[in-house]
Chemist: 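Below: one structure in structure tokens.
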Amino acid sequence: MGNSIRIGALVSGGGSNLQAIIDACGSGAVDGDVVFVAADTPGAGGLERARRHGIPTFVCEYRKIFETYREDPAGFKLPDDFDPDLAFSRQGLFNARGDRREIAAFLATRAAAESRLLEGMAGYPFDLLVLAGFMRKLSPYIIDRINTDPSLPRIMNIHPALLPAFPGTDGYGDTVRYGCKVGGCTVHFVDYGEDTGPIIGQRAFAIRPDDTLETVRARGLRLEWELYPACIQLFAENRLKVVEKSHPGPGGGVFIRKVVKIT
Ligand code: GRF
């Protein structure tokens, strides 16, 4: 790489981060092009933004797939290459001691949805997949089919909090509810857990006493629009490397973690 990269994007909502990425590609701040935008719902505003720029779009309606499963779990069609035990052993979204049937149902329905996404993506070869406000968790099924080279993860996400604080769906809300004096956003590679992957970049901002959730969200989003393209450009320049780091852990053990080295 180090040339122009092909970027695929997944969205669920308004797509302001997608817009920032499209604009950065247009201005040359990102050496790349968005080659497709896919959504989990036809109502995602990001689809319309993509269409305005002539970017191909498609939708994989997760909700309909879940309904089909609920109506007839036994007859639910799974992808031929889905291995439930492998998915269960790899996933990091649930405590493995949790309800095995519930976890299995989650992984099966995700694999079905993700295989449709992969089918759609097959028409648009890409170097990097960016989650730009995509409100569905990715399971090992799709992650393993995109990250075929373990040394080069190819899926990025932006999260509205300073990870590892406040993973989950409401980063700015949690930041405000906890009375934090600093908020921020994080871009990371996607791994098998929820917002747990190696951190690529972060931006932080002060929270003032008169701030509300709305002002915090607005300030955070403005930083997201700078941070995401900057991290994508590091990927385009081939400057991101995931390495394993070990440190002495608390209580005498060893703490080992994959981290991103920016070269
Ligand atoms: C952003 O706050 C992003 O961090 C989070 O979802 C929101 C998406 O906003 N994952 P938009 O759709 O990009 O405007």
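Remember, it's 1-based here, ligands and their atoms both numbered in the order they're listed.
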Chemist: Between ligand 1 and the protein, which N/O pairs are shorter than 3.5 Å?
Modeler:
from	atom 1	to	atom 2	distance (Å)
ligand 1	2 (O)	E224	OE1	3.3
ligand 1	2 (O)	E224	OE2	2.9
ligand 1	4 (O)	E224	OE1	2.8
ligand 1	4 (O)	E224	OE2	3.2
ligand 1	10 (N)	I158	O	3.1
ligand 1	12 (O)	G15	N	2.8
ligand 1	13 (O)	S16	N	3.3
ligand 1	13 (O)	N17	N	2.9
ligand 1	13 (O)	N17	ND2	3.0
ligand 1	14 (O)	S16	N	2.9
ligand 1	14 (O)	S16	OG	2.6

Chemist: Going by atom types only, do T41 and E61 share a side-chain donor-acceptor pair under 3.5 Å?
Modeler: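 Side chains of T41 and E61: no pair found under 3.5 Å.
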Chemist: Less than 4.0 Å between a side-chain N and a carboxylate O, is that true for E226 and R222?
Modeler: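 Salt bridge absent between R222 and E226.
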Chemist: Excluding sequence neighbours, so at least two apart, what forms side chain to side chain contact (heavy atoms under 4.5 Å, CB included) with R239?
Modeler: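 Side chain to side chain contact (heavy atoms under 4.5 Å, CB included) check on R239 returns L234, E237, I262, T263.
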Chemist: When you check the gap from the basic side-chain N to the acidic O, do R100 and D85 get nearer than 4.0 Å?
Modeler: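 Counted as a salt bridge, because a side-chain N and a carboxylate O are separated by less than 4.0 Å.
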Chemist: Flag the pair R90 and D83 as a salt bridge only when some basic side-chain nitrogen lies within less than 4.0 angstrom of an acidic carboxylate oxygen.
Modeler: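 Looking at D83 together with R90, the answer is no, because their closest N to O distance does not fall below 4.0 Å.
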Chemist: Under 4.0 Å between a side-chain nitrogen and a carboxylate oxygen: does that hold for E48 and R51?
Modeler: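 Yes, charged N to carboxylate O under 4.0 Å.
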